[in-house]
Amino acid sequence: MAAGDIGELLVPHMPTIRVPRSGDRVYKNECAFSYDSPNSEGGLYVCMNTFLAFGREHVERHFRKTGQSVYMHLKRHVREKVRGASGGALPKRRNSKIFLDLDTDDDLNSDDYEYEDEAKLVIFPDHYEIALPNIEELPALVTIACDAVLSSKSPYRKQDPDTWENELPVSKYANNLTQLDNGVRIPPNGWKCARCDLRENLWLNLTDGSVLCGKWFFDSSGGNGHALEHYRDMGYPLAVKLGTITPDGADVYSFQEEEPVLDPHLAKHLAHFGIDMLHMHGTENGLRDNDIKPRVSEWEVIQETGTKLKPMYGPGYTGLKNLGNSCYLSSVMQAIFSIPEFQRAYVGNLPRIFDYSPLDPTQDFNTQMTKLGHGLLSGQYSKPPVKSELIEQVMKEEHKPQQNGISPRMFKAFVSKSHPEFSSNRQQDAQEFFLHLVNLVERNRIGSENPSDVFRFLVEERIQCCQTRKVRYTERVDYLMQLPVAMEAATNKDELIAYELTRREAEANRRPLPELVRAKIPFSACLQAFSEPENVDDFWSSALQAKSAGVKTSRFASFPEYLVVQIKKFTFGLDWVPKKFDVSIDMPDLLDINHLRARGLQPGEEELPDISPPIVIPDDSKDRLMNQLIDPSEIDESSVMQLAEMGFPLEACRKAVYFTGNMGAEVAFNWIIVHMEEPDFAEPLTMPGYGGAASAGASVFGATGLDNQPPEEIVAIITSMGFHRNQAVQALRATNNNLERALDWIFSHPEFEEDSDFVIEMENNANANIISEAKPEGPRVKDGSGMYELFAFISHMGTSTMSGHYVCHIKKEGRPEFGYLKTSR
């Protein structure tokens, strides 16, 4: 095709072709609806207007929905290298044909295969193709736009504060680090600073093997700064923190670059000082050297090291790639999508969810949940290796990459957005992420279907005033059962005492530690500890109108369909540093908790008067509280999690922080105390109108907004598009009067179009604060039998909440044994 012909072909589409600006996210590695990439057989299509990417199966949908016609098609080809005369591959040369920022296939030896990237413009609907580069024939704007797309970085790199991944840079000193051959060998334990007696926050200098203390940090890890002084004296740039070394990596700091860094040769640098990184895991007291005395470590037990495991492929057997401290997310999501209700809600509704997804599907929770569920369940990304006799035949022409496992980058980027912890690249707590996910599912439920209902249950709390013996019964909604570790119930106390004496003696004499002995705790003892009465701190007795001593017991007012149990193995030491109980608890295959069924007010019990304690609000905050209503998207999630850790329902915590204007956990706690007896205490946050100080002040004290009528000008805009007025009003109320979200809501809720009875009810009830659908009285709960069978468990390996590794085992349908779902690194 001549240059003029190409120009004429592009002229009608020139207004839609954009050059990426600063802040634009260019998705050229992954489809918005699937895990297709340029490595996939059909390649990837990048829209030259929105810079969203689509696999061959989904690009037509985007074209029909938006009318965008010009896409850049990206494809990576993998071929066997040409053999030399000796039979080996020819010497490796720099390949100028690779221009895509993609990971290479770990299953292919890079010495035997070569990669070639191909790019071309494709014009829909006729699929005209224009090979790139084509500087002579393409208009200048198109050439500039194509170059900008091809040279753009991954949207998940640390380019702006909004991206989730706090990606560490590779140290410029790592490749050519000098290591002194001074014979230094690091012992497995008993470390202390070479210049003082500190035994915490110790750093190993990777040049000379010096062990020195760090600075005093905000997380209470203390030191006198001797590691930094050593750098200033000697100029040795890199150090690794002892106690953080695991097979996944370690904390490395560059004094010269003044920031945490990655060391791609860390295993080699540690081996210089006698540390085998692949057989180490971070501990509070030091590294355990398996070469000193053979032992079975926690890592080996949980990951079933030494056991011959049969790899499984196909639907439901797809692994998730580790993005670096993302195993907590992977483990939870593997378990979540093993539950039929989640499978039906998302994967079962895939066509509808994808068809009604917003213009940017990467920023839609339901789309990304459906994408992840389909990736895990379809079997499309979990196929057995090609038989050896077919490999040679395939390699004669071109290797067709076979993707095994999926990378949840896009999902993690969305669900962790704006969250102070999950948006970082640090290790996180799986239980906290589970509650965060449930919160997102609740807020983004599809119509009346809410799969997280399978976890919801009612907890009856009985509080008794110790002086008057009067009681109060309240109910709250919860999603998991937290069991304390009953250390006093250990069945091997004599062994523990003997081990502790031997361990202290070994540390004092700098000898190898003895074989670890863990406390053996019966699960029944943890259940018993859950049911025991506990003291209520700062209890206010309505009978006495004053503070008094109180005790609380908790029982199940309803049993969930799926019971999530958390063993609270983490606690805080006297220095407020999180510590982990190193114990062994055998989980039963069958669990009966009917003895924990709530019984309500008993004969002879007298209830406490229904009088609320006075709310205490700091004087300097009253004016701000009464005159400011925060945007729901700006709720301080850290305060929410602080309250949730105290055992309060997640939705109640969100409401407390919202209605107290983000003034901190302490003020929100006072709000909870005042409102915890209200019937909708644990119901999802319902947004009042943004009508000014009057409605804001009413919301603080739990009143319902009196005017939730959407602005008429926004209603008129929607009705002018051909929608009914009742649809417009309903959508705006459900989306807090946000026009763009209201339109998305209308498309995703077609079942409400003809629901005239519901619309009439909304129109005639202007004083009610109504959300997207009519809900029954009280919280949505199901009541089960109280009998459960173990089908999945998530294990944490490591001694700290800030490090370690999560692993998930799931009993798949029709199989008697648990399958180990491994995250590839």
**Q** Taking only residues two or more places apart in sequence, or in another chain, which ones meet E637 in a side chain to side chain donor-acceptor pair (under 3.5 Å)?
**A**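 Counting only residues at least two positions away or on another chain, E637 forms a side chain to side chain donor-acceptor pair (under 3.5 Å) with R654.
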**Q** List the residues meeting side-chain contact (heavy atoms from CB on, under 4.5 Å) with A529, not counting sequence neighbours, and say none if there are none.
**A**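 In terms of side-chain contact (heavy atoms from CB on, under 4.5 Å), with neighbours along the sequence ignored, A529 is linked to P484, A486.
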**Q** Apply ring-ring contact (aromatic ring centres under 6.0 Å, His included) to F411 and list each qualifying residue two or more places apart in sequence or on a separate chain.
**A**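 ring-ring contact (aromatic ring centres under 6.0 Å, His included) list for F411, sorted by chain: empty.
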**Q** Could you tell me whether a side-chain N or O of N439 sits under 3.5 Å from a main-chain N or O of E651, the two making a donor and an acceptor?
**A**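 Not a single qualifying donor-acceptor pair exists.
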**Q** Suppose we screen for side chain to side chain donor-acceptor pair (under 3.5 Å). Which residues come up paired with Y473, at least two apart in sequence or across chains?
**A**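 Partners of Y473 under the side chain to side chain donor-acceptor pair (under 3.5 Å) test: R462, E605.
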**Q** Sequence neighbours left out, what passes ring-ring contact (aromatic ring centres under 6.0 Å, His included) with F539? Give chain and number order.
**A**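 Residues passing ring-ring contact (aromatic ring centres under 6.0 Å, His included) with F539: none at all.
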**Q** Given the side-chain rings of Y328 and Y806, with only the six-membered ring counted for Trp, is the space between their centroids under 6.0 Å?
**A**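 No, they do not, as the ring centres are separated by 6.0 Å or more.
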**Q** Taking side-chain contact (heavy atoms from CB on, under 4.5 Å) as the definition, give me every residue that meets it alongside E259, ordered by chain and number, with sequence neighbours left out.
**A**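 Per chain and number, E259 pairs via side-chain contact (heavy atoms from CB on, under 4.5 Å) with P169, E257, V261.
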**Q** Got a second to check how far D478's CG is from F457's CZ, nearest 0.5 Å?
**A**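 With rounding to 0.5 Å, CG (D478) is 4.5 Å from CZ (F457).
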**Q** With sequence neighbours left out, write down each residue that passes side-chain contact (heavy atoms from CB on, under 4.5 Å) with Q642, or none if nothing qualifies.
**A**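 Q642: side-chain contact (heavy atoms from CB on, under 4.5 Å) contacts with A665.
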**Q** Kindly write out the residues that satisfy ring-ring contact (aromatic ring centres under 6.0 Å, His included) with F255, not counting sequence neighbours, or none if the list is empty.
**A**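 F255 satisfies ring-ring contact (aromatic ring centres under 6.0 Å, His included) with Y231, Y253 once adjacent residues are dropped.
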**Q** Among residues at least two apart in sequence or on other chains, which ones pass side chain to side chain donor-acceptor pair (under 3.5 Å) with S326?
**A**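 For S326 the side chain to side chain donor-acceptor pair (under 3.5 Å) partners, ignoring immediate neighbours, are N322.
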**Q** Scan side-chain atoms only and decide if R472 and S542 contain a donor-acceptor pair under the 3.5 Å cut-off.
**A**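 Checked: R472/S542 side chains pair up, N/O donor to acceptor below 3.5 Å.
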**Q** Going by ring-ring contact (aromatic ring centres under 6.0 Å, His included), name the residues that satisfy it together with F559, two or more places apart in sequence or in a different chain.
**A**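 Scan of F559 (ring-ring contact (aromatic ring centres under 6.0 Å, His included), adjacent residues dropped) gives F556.
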**Q** Salt bridge check: are R555 and E460 linked by an N-O gap of less than 4.0 Å?
**A**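 Looking at R555 and E460, the cut-off is not met.
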**Q** Please find the pair of heavy atoms, one from D251 and one from T244, that lie closest to each other, and give the distance.
**A**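 Here D251 and T244 meet closest at N-OG1, 3.1 Å.
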**Q** Has the side chain of Q368 got a donor or acceptor atom that lies under 3.5 Å from a matching backbone atom of P361?
**A**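 Pair found, side chain donor or acceptor close to backbone of P361.
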**Q** Between E432 and Q428, does a side chain to side chain donor-acceptor pair (under 3.5 Å) hold up when you go through it step by step?
**A** CA-CA 8 Å; E432 292 180 2; Q428 303 299 332; over 6 Å; no
**Q** Could you pull out all residues at least two apart from A543 that satisfy side-chain contact (heavy atoms from CB on, under 4.5 Å)?
**A**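 Partners of A543 by the side-chain contact (heavy atoms from CB on, under 4.5 Å) criterion, ordered by chain and then number, come out as T468, K470, S541, L608, P609.
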**Q** Under the side chain to side chain donor-acceptor pair (under 3.5 Å) test, which residues partner S531, sequence neighbours left out?
**A**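 Not a single residue meets the side chain to side chain donor-acceptor pair (under 3.5 Å) criterion with S531.
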**Q** Under the side-chain contact (heavy atoms from CB on, under 4.5 Å) test against F455, which residue among L480, I339, L563, V477 passes?
**A**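 Checked L480, I339, L563, V477 against F455; only one passes side-chain contact (heavy atoms from CB on, under 4.5 Å): I339.
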